[in-house]
Every structure is written in structure tokens, then in C-alpha cells.
Amino acid sequence: MAVVTRAVKGTHDLFREDLAYHRTLLNAARRWLEAAGADEIATPIFEFSEVFERGVGASSDIVQKEMFTFTDRGGRALALRPEGTAGVVRAYLEHGMKVWPQPVRLWYAGPMFRAERPQKGRQRQFHQFGYEVLGAGEPELDAEAVALSYWILRGVGLNRLSLKVGSVGDREDRERYNAYLRELLTPHTARLSEDSQRRLETNPMRILDSKAEPDRKLLEELKVRPMLDFLGPEAKAHFEAVQERLRRLNVPYEIDPTIVRGLDYYARTAWELHHELLGAQSALGGGGRYDGLAELLGGPPVPGVGWAVGVERTVLAMKAEGLSPAPEPPLDLYIVALAAELVPEALRAASRFWPELRVQYGVKPRKPGKALQEAERKGARFAGLLGPDEAASGRLTVKHLRTGEQRTLDIEEVKEWVRGGGS
RNA sequence: GUGAGCGUAGCUCAGCUGGUUAGAGCACCGGUCUGUGGAACCGGGGGUCGUGGGUUCAAGUCCCAUCGCUCACCCCA
């Protein structure tokens, strides 16, 4: 097959049923997030590479090997966004949103790009929607964010969810914990998997969620203490307050002491929403607090908390639970000319219904039997026949396909009948 | 980046140990049916069997390479 007829690896066309799932989910997200007082924001899908290098963290996998980067004609280093938060925080700083009443609640939806090997639940272009609360650090905001991410997914009908909440502490806490892990594990380096030996250098916390058998066994034997034991008094109090608010909101969560974030900007609260029926990529969404991010981008300190949900993964979960997308409104009327010379009149007739009603016309003349068949196959509620008699009188013969009731009416009368649903 | 599995029509697939012009169902177009549908029947279009090379009298079928897809690892949504 010629290469131009194929979408590039890891990208997909969205239409019909799949797009209907996306739309159903996005509508639910919009409804919840705007109900919570969030403003929608649409940031560019590419930014200066630095926004992500400094924001997400130059050492992170996302920046090191998963970014689509390019240079524009002026030699500027740009990158397709691999995630949404860094761009939103950049926009907050650029537009001086600190003068808005704080905190500022923003939500967004759109495509993200990561140059990874595709697999189930992972694509090179995928879609996320997300929520960010900037300018305040109260634990209520963490709980609000967690709850909204959970409720949106519950709201589209998902049941087999698990919400895992943890805390990665403040920077000093993480440094102490990583030092502890290095000290504990270095004597056993030889027993660690190759990947984990590397992690011991770069980010020892990642060893905790390794899936490699030798790592799991070693961690078991050593009785490694969880990150939560290393929280400083403030981070600890914050984590407990967040949990108290979640219980108050009746959001069922479990504490996951091993929760780790791939993005460097997180601090304190971190959570993930997983789905039980998915494969290796079971995280539908995740979020956390990122109080240091604004400074990394060169702004003043701005506390923030937020999350993102992967649309494609959530759609997989919906399908796994047998959920259907919200049905699309059907075609109201399908108009067919009974003779070739009447096709232009079918176009004109159809146009008189737009945009109040969904009306399509056939570009080929059909005999009445075929015309009704075609209208049926188009999913129309009504079929309109335009023959010589109708053309002469400026009317249309319209049949309600479900009841079989048929009337010959002028356009205005048809509008009324069709809008009334055929009663 | 690493590993494994799979590539036959728009879709789902059949094609036995290599053996005439590569098939079915669905979908599409038309007819039976010249002003009344969903059905049935009949017919039609659509394939360089992913691509290239090799073995053989003969390759969709066997071998090699390559490309693509899928799943998993890494990591993440």
C-alpha cells in the first residue's frame, strides 16, 4: 500500500463510534469542570522545548526520549506538547493571572504527543483533558481535584476504578528518602534488575514500582520503609488533611505508599486512577500537587494542583465495561428526487430546512421504493419524496418511517411536522 | 530502544500435506420492483495474497530479507 494512504505510526483517525465515545467523555468532563467553576483554556500544541525541559524535568523520560522536537526557521527549539500542565502554568504566568481572584481554576482538552512505541492504551498522538488549580495550596483544593477526576469517570458509568492516593512529600523529604534507598539497596546492587541498577543512580524511588521479579523479591526481603514514613511535619499534616476531606466527600480511595511520579514537578499529593479491566496501561489518569513548577519556568512561586485523564484509555475502559457512547441525533429527513431533473430541487428543498433540522438529500434519482430504502439506511426519521407532482405544487411527500404515516405538505408544514416528531 | 506474534477484498475470515482463471459472509452498486421501505432472490464492481528476493515444473502456501500492524518490556495518559 502506498505510504500516503496510511496515518503515521501511533496516530489514528477518529470518526463515528470512536469519536462518539470521545465526545461523550469530553461532554461529561466539561459539565463537571465548568460546574466547579473552571475556565476553559486552549494553549498551543507546541511550545518552546524549554517549557517542557524545565517544567517536566530534563531528566525525565518524557523529555529525554519521548518528545517530538523540531526547529523553526528562526532556529528556535520547539516541541509538540507531551502533556498539558507546563503549558497551562506558562500561560498563567504570561498573562498575569495572579491578579485574578485566587485560586484560578482552569481546564483544557486536546491532543498530546509522545514518541513512544505504540501498544494498547498508548499512542504517539493521544488526547487528554485536565484540570489545574493555581494560586492556592489548601488541602481542600487537592481533595476537590481528586474528587472531580474520580466523579467524571464515575459519571460516564465506569465502575471498576481504583483510586490510589499517596504523597511524594516535599523536595527535602524526597532527597532524604532517596538517600535512604541508596544506602539500603547499594549493598545489593548485583541482585537488582539492570533497569533498577540504573534507577539506583537516577531516581531510586522508581525501583519501588518495578515489575521485575528479582526487584520485587529483594524489596520484600529488605522490608523497605515507604516514602510516607519520610514526610516532614508539614507534608504529613497536608496529606492527612487531604485524606480527611476525601472521606468527607465520600470518595473511596486507597493509600498507595509506592506511588511515584514520572514528572519531576510534583510535590506532596499524588494520585492515580486505574481501571481493573485494562492491560498493561491501566492508568486512566493521574495528578498531583506541583508547587515548584512556576518557579522552574522562571516565575514567582505559585502553588498548583492538577490532573490529566487519557481519553483513549478511558474509552477502552468504557468499552471493557460495555458502556455505549451517548447516541448521536439521527438525520431528521432524507429527501430523494424521483427523476434526474428534480435533483437540483431536492438540494433547494433540503437547504430550506438548514440549520434548524438535520436534512440530507440524495444526489441520484430513485424510484420510490429505493428512495425509502435509502432513507432507512441513512438512519433518517422521515423520508421526503420529490416527484413531478410535488415539484409542480412546491410541496414534498413526507413519510414517517417508523409509523408509516405519510403527508404531502409544503416546506413550512413539513418543518412543523418533522420538528414535532411526526405526531 | 528491546522481545514476541500476525499481515489474503472496505470489514470479519476460509484457502487441507505447495497443484487449474484466489473464495465466502457483511458492506457497496444494480435488477426482479415505472409513486411506496426494512425481506428474499439474481447479478456486478472491488485483490499486484504487505513488499522484494530465493527454492520448485509449479508459491497465498516453503525459506530469507524488508516494511507494516499488534501485544509486552521500559515508561506513562
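In what follows, chains carry the letters A, B, and so on, assigned in the order in which the sequence lines appear, proteins first and then strands, with residues in each chain numbered from 1. Fair warning: this is a prediction, and the values are worked out from it, not measured in the lab.
Put simply, the side chain of A/L161 reaches to within 4.5 Å of the side chain of A/R154, judged on heavy atoms.
Among the heavy atoms of the strands lying under 4.0 Å from A/Q373 are primed sugar atoms or P, OP1, OP2 only; no base atom is included. When heavy atoms are screened at a 4.0 angstrom cut-off, A/E66 is found touching the sugar-phosphate backbone but no base atom.
In terms of position along RNA chain B, the nucleotide closest to A/P365 lies nearer the 5' end than the nucleotide closest to the other residue of the pair A/P365 and A/Q128. The residue among A/R117 and A/R313 whose nearest nucleotide of RNA chain B lies closer to the 5′ end is A/R117.
A heavy-atom distance below 4.0 Å to RNA chain B is reached by these residues of residues 380-403 of chain A, ordered by number: A/L385, A/G387, A/P388, A/D389, A/E390, A/T397, A/K399, A/L401.
Across B/G3 and B/C74, the matching P atoms stand 15 Å from one another, rounded to whole Å.
Applying the side-chain contact (heavy atoms from CB on, under 4.5 Å) rule to A/V343 yields the partners A/A337, A/P365; only residues at least two apart in sequence or on another chain are considered.
In this model, the phosphate group of B/C74 is not approached by any side-chain N or O of A/K65 to a distance below 4.0 Å at OP1 or OP2. In terms of phosphate contacts, A/Q123 brings no side-chain nitrogen or oxygen within less than 4.0 Å of OP1 or OP2 of B/A77. Contact between the side-chain N/O atoms of A/R366 and the OP1/OP2 oxygens of B/C33 is not found at any separation under 4.0 Å. Contact between the side-chain N/O atoms of A/Q119 and the OP1/OP2 oxygens of B/A72 is found at a separation under 4.0 Å. Contact annotation: A/K120 does not reach the phosphate of B/C71 (side-chain N/O to OP1 or OP2, under 4.0 Å).
Which of B/A77, B/C33, B/C74 sits closest to the side chain of A/K367 comes down to B/C33.
Comment: A/K217 does not engage A/D215 in a salt bridge, judged by the lack of any side-chain N to carboxylate O separation of less than 4.0 angstrom.
In RNA chain B, stems built from 3 or more consecutive Watson-Crick or G-U wobble pairs, each with both distances under 3.5 Å, span B:1-7 with B:67-73, B:10-13 with B:23-26, B:28-32 with B:40-44, B:50-54 with B:62-66.
The ring of A/F126 has its center no closer than 6.0 angstrom to the ring center of A/F113. For an aromatic pair to be called close, the ring centres must be under 6.0 Å apart, and A/F382 with A/W417 satisfies this.
Cation-pi geometry between A/R225 and A/Y180 is met: the NZ or CZ atom falls under 6.0 Å from the ring centre, inside 45° of the normal.
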